[in-house]
Amino acid sequence: MRLSYTKALNRALTDALAEDPAVCVFGEDIGAGMAGPTLNLLDRFGPGRIVDTPLSEQAFTSMAIGAALTGRRPVIEFQIPSLLFLVFEQLVNQAHKFSLMTGGQTGVPLTCLVPGSGSRDGWAGQHSDHPYSLFAHAGMKTVVPATPTDAYGLLRSAIADPDPVIVFAPAAALPVRETVTWELAPIPLGCARIHREGTDVTVVAVGHLVHDALAVAEELAPEISVEVFDPRTLHPFDWPALAASLERTGRLVVIDDSNRSCGIGAEVLATAAEEMRLVAPPRRITRPDGTVLPFAPQLDRALQPHRDQLRRALRAVMK
Amino acid sequence: MRLSYTKALNRALTDALAEDPAVCVFGEDIGAGMAGPTLNLLDRFGPGRIVDTPLSEQAFTSMAIGAALTGRRPVIEFQIPSLLFLVFEQLVNQAHKFSLMTGGQTGVPLTCLVPGSGSRDGWAGQHSDHPYSLFAHAGMKTVVPATPTDAYGLLRSAIADPDPVIVFAPAAALPVRETVTWELAPIPLGCARIHREGTDVTVVAVGHLVHDALAVAEELAPEISVEVFDPRTLHPFDWPALAASLERTGRLVVIDDSNRSCGIGAEVLATAAEEMRLVAPPRRITRPDGTVLPFAPQLDRALQPHRDQLRRALRAVMK
Amino acid sequence: MTSPADSAGLGSPAGRYRMLRLIRGFEELALDLVRSGAITGGIHPYIGQEAVAVGVCAALRPQDRITSTHRGHGHVLAKGAAPDRLLAELLGRTSGLNQGRGGSMHAADFSLGILGANGIVGAGGPIAVGAAWSARQAGEDRVAVAFFGDGALNQGVLLESFNLAAMWQLPVLFVCENNGYATTLPAATAVAGSATGRAAAFGIPAAEVDGMDTEAVRSAATEAVTRARGGGGPGFLECRTYRFEGHHTMERLMKLHYRTAEEIADWREHDPLPRAAALLPDGLAAKLDASVREQLAAAEQFALGSEHPDPERALDHLYADGLRPRAGSTA
Amino acid sequence: MTSPADSAGLGSPAGRYRMLRLIRGFEELALDLVRSGAITGGIHPYIGQEAVAVGVCAALRPQDRITSTHRGHGHVLAKGAAPDRLLAELLGRTSGLNQGRGGSMHAADFSLGILGANGIVGAGGPIAVGAAWSARQAGEDRVAVAFFGDGALNQGVLLESFNLAAMWQLPVLFVCENNGYATTLPAATAVAGSATGRAAAFGIPAAEVDGMDTEAVRSAATEAVTRARGGGGPGFLECRTYRFEGHHTMERLMKLHYRTAEEIADWREHDPLPRAAALLPDGLAAKLDASVREQLAAAEQFALGSEHPDPERALDHLYADGLRPRAGSTA
Ligand SMILES: Cc1ncc(C[n+]2csc(CCOP(=O)(O)OP(=O)(O)O)c2C)c(N)n1
Ligand SMILES: Cc1ncc(C[n+]2csc(CCOP(=O)(O)OP(=O)(O)O)c2C)c(N)n1
Ligand SMILES: [Mg+2]
Ligand SMILES: [Mg+2]
């Protein structure tokens, strides 16, 4: 079977809805399936569970929290990553805090899905952020799948999780297709995936950049043996797997499409520097500090991490 | 003159208002001066410039942005740090982005002041965050003064700045008093301050933790020579000053009251590991990952960085 | 630990009077404990507004749900929470409703449909709407009530939630406790138009009621709750009331001049307790007062005698799946 | 580069007709350029709604200010922006209004009081309120106008801003372009109550007007703007209108069934252009059409001939003080 990333998300939602009557979906234009992941859900599961919402992100996010506190397992689809800014209070100050603040009386099994995070060429400054590091800092479970199989499996686990989870589906990963010969299945949160083994350098690549890392690793294979490490979940991060990888390689490059300062790239470098084996100074490739993506495509692209930077960084850590 | 931290903020606002008729203040209960920094401003400058707002943080923040786009220099006082979550869209997606997105047609000279950030004993989970790292990641100019003089000088510079600036006044720094024998004056953003020179270890301490770092440095002086480095501005960070300090010491400990993952502590370790001289693995002391402060005072305190952790970290990097 | 009363206890005038007294007495005790330093951080006292919580909760069934505010003790007690465990919560003890993790502003008892006080003004509104939606989804005839103040009328998220509740005809009752002020800001200088007009504009039946009169609140709430339970959609009540104390106990340390002494004295004339006592047979109120005194004395003893939580367990419950986050220091 | 017309150009029926045609023609040209791939990312076409932008801006003075939306080309042009520079912006060229940094959704010209299109629904409302507040502070009699769609009526921040504008009697006009849909969601299933009722509940004088009739919009806007300028406080206009095209050019690639072909055809009968043309002397409309064609041909040539920005300068203007942030890689 040929499986696209978007179709994988669609399947995950369909299977979760079919399996558990408590699962329901909120979002804008989801009845029409406009963004892809919710295609045909309304027909199959009806407006009682697939809820096309007015443009009231704050209220419907809080509503979903209220629903999650009372037995439902809501999924919210957000049309643009910056809508997460609009509901930051609801997610970080409410959903994330209920469990501890109530002394464990409740979880908040809420899933937020952002199909098309990061730059989509030509959508400009307010539609092109990749704010996953913000949620890792706040402590929400944060997932960025790179492949269709992972997208399926991680979204299933997110929906089944008793805590709020946010799933970023990078716009640049949506075109990825896979030939799937196995049964799709949930993939546990918090487990990294090593896409390619190597002995010289560990490249930690986030989301769509996994594919760039793999391409560069192939290309430089004659020169450098690169291990490609996909954390898949940014919080909780699979630190033991990273430590094991660095035991083998001792060298680290991170490629991460979020802003530089206080991004997940910083976290990986910091933790590695503090606790793991490094034989050379580590490197990271990120967006610049405080990036706002300009509209013009050349400018937009110039600020995203690219392969050439990765090549240079790999050669630099090998020196 | 004996100057308290809160009084310093009050003076900075008073002087800025007196100097520039474009400066104005928005916020809740600021007419009554309830939080301290706005005391007596209404009497002196009138309701045309000191605007007591209804509980509409999103609208009045956007209003202040509109005012900033049309010639005013608004300051907003927020009563609780988590109100910043409520206006995250307005700050990060609007105020921060106008300059680039308009091709430089405008700046947004907006200042956000949060008096009493971080834990105030007994205010529990939704009132005790210290979210400065989120804004450093987003790229807003982010300031955390440790002393009354710095509070005065940095707030003055924030108000004069053509970009949005957010000033965190940590609750634990508010009781700090200084005997001031000099003229209070603006202090440029982006310049670190070395409170104490040392040759063995550089301690980067943020906000109120500067005072803890100084106390521990004194205490361990016979054993370890500690340099206490206060970045004052987290974004832009004074990287050259840090590099210079590490040239001297080669050892680094960060003490930072924000959550661990993707916090400013991570950023300092990452940048140092990548670009600066380190003779031992660096360390950071932070809140745990994803911290929600529990109400009970013992639990609240247990999750904040404390001196004992700093002592241990200092000894660890000296090994 | 005493067993929690349920909202059915509010079915008689005597039960309602007793609850008014319980809330009043609880708050007075809490004020003492703030003054003595036993309660850290202070509280937002509910004194003066008791008729709203009691009147509304008297219209509810045990399985109905509520969301509350920073000024939440009255709601939490009226919905049936055990006063001793609420007090233990305010004192940060493990026997507290939230095991000492929430404190005054987050007191909750999910087993009684109390989805929590909330530190963010307006936040409880849409959470109640979600609970109402949930109940309908589950085919249950539970109603949800959102309590909030006049200040919350200016929070966008609450206004958004009026629209969702109205559009989807959800079984939710919005209860605005208009005590005239949001901290120091008079409602008259903050709320353009009227509270009821604002709700009505979304097509929500809206009524204004004397919030110092328990029976008036109860009858208005009963009407709205009955309609909501029967599928007739949301309702809105504006309860005109007043807090006799400062906004927060911190206010006692400050000189604020936003209300006159006369205004406070005038409103004290409308104290809901004597009014409710007047409906009772002679001598009953005094008896109930005595039983409340006993109950609170026991609660105080229980709470003050309860254990403080272990700092080693500060991160318990951060994640519902038991995930243990990394500590703040590795050294 | 042509010099920008100012809003005074809308003082005559001919000027208004010409602007309707200019917007229509601009959008048609932009659609072609999206189809050809020259405009990256697509646009939200304004076709069908031109009477709103033109009618409202005809009521404004050059120094008045506006905030706009994701569907902003009409507003930006009607307020006087140069079509060639707007087109260059859509093409991401340095000669664009925003030097190619903003694109369709952020087009702005501060020299003309155009505070920007905006990518976030509802966001422009309170920004206009701030501009109105500013003007009053500065003692200027400038008015601010916020354009937004029916979808924005459900954004809390916009509702909050109604309250602030009303409470403080600010010179701001809220213009709701009710085109019946927020993307695929019919307003009838999204907005409880009525648009005008919602504004009126905050004490804002609110009127509904035929948004396909330029003159009707102009006269309603003039009344509200005059009142606002004279210190009479905010106003609200609901303009009933329709977009003839899809929500966004992407929609052309999708099969969506939220509107019927008949509905679209019916609304096309109310096209604002023929209606405005009918007010002109014989032959004038055709002449104006021709002059617009020429202007747009020149604009296209100008824009397509303009320079692409230099990737080295991608971070220009990130900070107004010239601060250069760290790059994304040190290697
Ligand atoms: C969104 C938000 N803004 C501000 C605050 C700080 N604050 C806490 S209570 C309060 C006043 C609330 O007034 P009202 O809603 O009338 O309730 P009352 O205190 O009168 O019961 C304020 C400003 C907050 N907690 N949340
Ligand atoms: C707050 C917010 N929510 C969602 C979106 C995605 N979005 C862009 S336009 C739009 C529909 C807007 O409808 P309306 O306000 O009626 O304007 P129209 O498109 O009809 O002109 C949506 C949902 C957004 N940009 N901002
Ligand atoms: Mg109040
Ligand atoms: Mg619309």
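Note on naming: letters A, B, ... go to the chains in the order of the sequence lines (proteins, then strands), and numbering restarts at 1 for each one.
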With the side chain counted from C-beta on, respond yes when [X] and [Y] share a heavy-atom pair under 4.5 Å apart, and no when they do not.
X        : Y        : result
A:His137 : B:Ser133 : yes
A:Phe237 : B:Asp289 : no
A:Met101 : B:Gln126 : yes

Which bit of [X] is near chain B, if near means a heavy-atom gap under 4.5 Å: side chain, backbone, both or neither?
X        : result
A:Leu86  : both
A:Gln94  : both
A:Ala124 : neither

Q: Sort out for me which of B:Met140, B:Lys97, B:Gln58, B:Gln90 touches chain A most, counting heavy-atom pairs under 4.5 Å.
A: B:Lys97
Q | Between B:Leu269, B:Val292, B:Asp129, B:Leu234, the one whose heavy-atom pairs under 4.5 Å with chain A are most numerous | A |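 Maximum pair count with chain A is reached by B:Val292.
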Are the side chain of [X] and the backbone of [Y] linked by a donor-acceptor contact shorter than 3.5 Å?
X        : Y        : value
A:Asn93  : B:Ser82  : no
A:Glu267 : B:Gly263 : no
A:His96  : B:Gly290 : yes

Q | Shortest non-hydrogen contact between B:Pro282 and A:Ala273, atoms and distance | A | CD-O, 3.7 Å
(Q) So which atom in A:Asn259 and which in B:Ala138 form the shortest heavy-atom distance, rounded to 0.1 Å? (A)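 Result for this residue pair: ND2-O, 3.7 Å.
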To the nearest 0.5 Å, what is the distance between [atom1] ([X]) and [atom2] ([Y])?
X        : Y        : atom1 : atom2 : value
B:Phe88  : A:Leu91  : CZ    : CG    : 11.5 Å
B:Glu89  : A:Glu57  : CD    : CD    : 9.5 Å
A:Phe295 : B:Leu100 : CZ    : CG    : 13.0 Å

Q: Among A:Cys262, A:Ala270, A:Gly139, single out the residue with the greatest number of heavy-atom pairs under 4.5 Å to chain B.
A: A:Cys262
Q) Which bit of B:Thr271 comes within less than 4.5 Å of chain A, counting heavy atoms only: side chain, backbone, both or neither? A) both
(Q) Please classify the contact between B:Ile264 and chain A as side chain, backbone, both or neither, with a heavy-atom cut-off of under 4.5 Å. (A) both
Q) So, are A:Arg284 and B:Glu274 salt-bridged, with charged N and O less than 4.0 Å apart? A)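 Result for this pair is yes, salt bridge flagged.
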